[in-house]
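See structure below.
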Amino acid sequence: MYAPLAAFMDASPSPEGEIVLKPLIFPSILTDIKGSVFDVAVDFNPASSTYREWIGVELSDQNHHQLWIPPGYAHGFLVLSETADFYYK
């Protein structure tokens, strides 16, 4: 399955400290650089068959996972490590 193309903006760093819970925002791709976060993506497109469904994934400097947030989805995260630095576009 191929993901639709999306225009990516410049990367934005997001340094975070202990016990941070971020509200839902609308970036396109996330990658962890240092530390660990639990990231949740939620489908906000009422025309979608997965409307209001969500997925959660741990992003860390150990697993090197990335999470692509498609148009119509938002994401929020919880910092799991003492600190975390990651980038989103």
Side-chain angles (χ1 to χ4, degrees):
M1 179 176 179
Y2 294 96
L5 295 176
F8 293 110
M9 299 175 287
D10 290 335
S12 301
S14 182
E16 304 298 344
E18 286 186 63
I19 311 174
V20 172
L21 177 62
K22 284 287 192 177
L24 296 177
I25 58 175
F26 293 88
S28 296
I29 193 166
L30 306 161
T31 186
D32 191 68
I33 303 299
K34 177 184 172 189
S36 178
V37 298
F38 183 73
D39 203 284
V40 175
V42 181
D43 184 354
F44 276 98
N45 179 357
S48 172
S49 63
T50 58
Y51 179 54
R52 295 184 179 174
E53 291 184 20
W54 62 276
I55 185 171
V57 64
E58 182 177 346
L59 305 175
S60 75
D61 54 7
Q62 298 297 309
N63 66 24
H64 305 288
H65 292 168
Q66 294 183 332
L67 180 62
W68 180 66
I69 311 295
Y73 283 67
H75 95 104
F77 64 88
L78 174 66
V79 174
L80 300 175
S81 55
E82 187 174 319
T83 63
D85 294 331
F86 69 100
Y87 284 84
Y88 59 91
K89 293 182 181 185

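Nothing fancy with the numbering, it's 1 onward along the sequence.
Contact check for T83 versus D85: no side-chain heavy atoms found under the 4.5 Å cut-off.
Hydrophobic cluster membership differs between W68 and I55, with clusters built from Ile, Leu, Val, Met, Phe, Trp and Tyr side chains linked at under 4.5 angstrom.
Taking the side-chain contact (heavy atoms from CB on, under 4.5 Å) definition, one finds that T50 meets it with D43, S48, E53, Y73, sequence neighbours left out. Checked against side-chain contact (heavy atoms from CB on, under 4.5 Å), L80 has the following partners two or more places apart in sequence or in another chain: S36, F38, E58, L78.
In this structure, H75 and I69 approach most closely via the heavy-atom pair CB-CD1, 3.8 Å.
In this structure, the side chain of D39 does not engage the main chain of F77 through any donor-acceptor pair within 3.5 Å.
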